[in-house]
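Take a look at the structure set out below.
Not measured: the values here are computed from a predicted model.
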Amino acid sequence: IQARFKTRLSLSSSSVDEVIQKRILKKKPEVAKKLEEVYEQNASVLRNLFTFKTDIVDIKKGYAGPLEFTENFPFVPYQFIIMQKVFAEIRKHGNSGKHLSGGERSMLSGFQEAAQKIQEKDEYALVPFFRFYDTVHTFLEGSIRRVIERCQKAADNANGIEAQDVDVLKLLYLIRYIDSDIRGTIDNIVILMADDIRADKVILREGIKKSLDRLLSQNYIGRSGDTYNFLTDEEQRIQEDINVITVD
């Protein structure tokens, strides 16, 4: 088949963000102008909103300037880097995730689906990181999906879990295997959950803290030091066994 085509096109993972910017995120000139104004008015807010406590330099910051904001809106540049790593790790760890493609097509569909979820919102809306869970969930093995589905059911029936808690749990699963890049600390979770430029970080933090406490009490997540982590079915059972042991 290859011999029939003179021109070979290679789409490498490093250029996938450019493809997403051109194919999915390209703005009309008048919209680009409006978004640049939004950036100018909120530059300091955006800097404050996206400051990770991480050693990895290309994840640390939010937007470099108005042009980068316009090109990537409603996404944040760090999401392109992190999402590629998430896909790679899920392929490694999720049995049925083996056929998740090398990142290029999955990234395209992931960003498109996430953008469609917030299509009704205004020019201040951002895509929180948990939105990408819906792209990968069909590739995940049952033990992971069951945990999220059980949590969703508990939220629907108001059994000690609220709707936002499910989103936090999805997020903790996505960053479960990339803790060397972004640890599941409350500060990082707040940044990853930000869904609006005007979001008040203090209020957001309070809400997320309550969600984490509820998830901990219901044994959906574990905690070591200041880091929270997603527990699979099996890990939850182990955690339950540990919890019932009384230390004399």
Side-chain angles (χ1 to χ4, degrees), residues 11-28 31-32 35 50 59 62-63 68-142 144-153 155-156 163-178 181-182 189 191-197 199 230:
L11 172 60
S12 70
S13 291
S14 59
S15 62
V16 75
D17 49 348
E18 275 176 58
V19 175
I20 291 168
Q21 286 162 359
K22 300 273 191 299
R23 289 286 304 276
I24 298 171
L25 305 177
K26 196 164 170 59
K27 317 289 189 298
K28 293 174 182 164
V31 177
L35 286 173
F50 295 109
I59 293 172
Y63 301 96
E68 193 173 63
F69 175 74
T70 307
E71 279 178 348
N72 292 296
F73 178 86
F75 298 97
V76 193
Y78 79 82
Q79 291 174 333
F80 293 97
I81 302 158
I82 295 291
M83 208 54 220
Q84 280 182 336
K85 293 182 177 180
V86 168
F87 279 135
E89 291 300 327
I90 286 174
R91 260 206 333 281
K92 256 189 265 175
H93 295 93
N95 291 345
S96 51
K98 294 282 189 288
H99 60 280
L100 189 60
S101 76
E104 295 77 24
R105 282 185 302 281
S106 304
M107 291 269 289
L108 279 165
S109 70
F111 278 81
Q112 184 180 17
E113 286 164 25
Q116 284 168 340
K117 294 238 171 61
I118 65 156
Q119 62 188 6
E120 303 301 325
K121 299 196 175 179
D122 62 13
E123 67 274 17
Y124 294 97
L126 296 167
V127 174
F129 199 66
F130 75 85
R131 291 270 180 219
F132 294 103
Y133 172 81
D134 293 341
T135 301
V136 299
H137 97 109
T138 48
F139 302 110
L140 302 177
E141 54 190 37
I144 306 292
R145 288 221 300 269
R146 273 197 303 276
V147 174
I148 305 276
E149 283 159 12
R150 207 169 67 238
C151 189
Q152 184 66 63
K153 213 173 195 172
D156 295 342
Q164 187 196 1
D165 308 353
V166 187
D167 298 337
V168 174
L169 187 63
K170 287 175 180 176
L171 172 70
L172 284 171
Y173 172 70
L174 289 175
I175 63 169
R176 171 182 163 96
Y177 303 114
I178 56 162
D181 298 305
I182 292 186
I189 294 168
I191 297 169
L192 293 160
M193 288 292 286
D195 62 353
D196 196 294
I197 293 169
F230 178 93

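If you take CZ on F75 and CE on M83, they are separated by 10.5 Å, rounding to the nearest 0.5 Å. With rounding to the nearest 0.5 angstrom, the CD1 atom of I118 is 8.5 Å from the CG atom of D195. Separation of atoms CD1 (I182) and CG (L171) is listed at 9.0 Å; rounding is to 0.5 Å. To the nearest 0.5 angstrom, F132 atom CZ is 9.0 Å from L174 atom CG. We find the CG-CD1 distance between D167 and I189 to be 12.5 Å, quoted to the nearest 0.5 Å. Distance CE/M193 to CD1/I191: 13.0 Å, rounded to 0.5 Å.
In this structure R150 satisfies the side-chain hydrogen bond (donor to acceptor under 3.5 Å, both in side chains) test together with D233, Q236, sequence neighbours excluded.
Counting heavy atoms from C-beta on, the side chains of F129 and V76 never come closer than 4.5 Å. Side chains of L126 and D196 form no contact here, defined as non-hydrogen atoms less than 4.5 Å apart. Between K27 and L35, the closest side-chain pair of non-hydrogen atoms falls below 4.5 Å. Looking only at side-chain heavy atoms (C-beta outward), N72 and Y78 stay at 4.5 Å or farther from each other.
At distances below 3.5 Å, not a single donor-acceptor pair connects side-chain atoms of K26 with backbone N or O atoms of I24. The backbone N or O of V127 lies less than 3.5 Å from a partner atom in the side chain of Q79, making a donor-acceptor pair.
Side-chain polar atoms of D156 and Q152 form a donor-acceptor pair below 3.5 angstrom.
Residue pairs that meet the salt bridge (Lys or Arg N to Asp or Glu O under 4.0 Å) test with at least one member in residues 123-139, sequence neighbours left out, are K34-E123, K117-D134, D134-K170.
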What's the verdict on side-chain contact (heavy atoms from CB on, under 4.5 Å) for V86 and Y177, showing C-alpha distance, side-chain angles and the deciding distance? CA-CA 7 Å; V86 168; Y177 303 114; over 6 Å; no
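Between Y173 and F130, the gap from one ring centroid to the other reaches at least 6.0 Å. Under the 6.0 Å cut-off for aromatic ring centres, F80 and F111 qualify, their centroids lying closer than that.
The minimum heavy-atom distance between P74 and A125, with the atom names listed, is CB-O, 3.7 Å.
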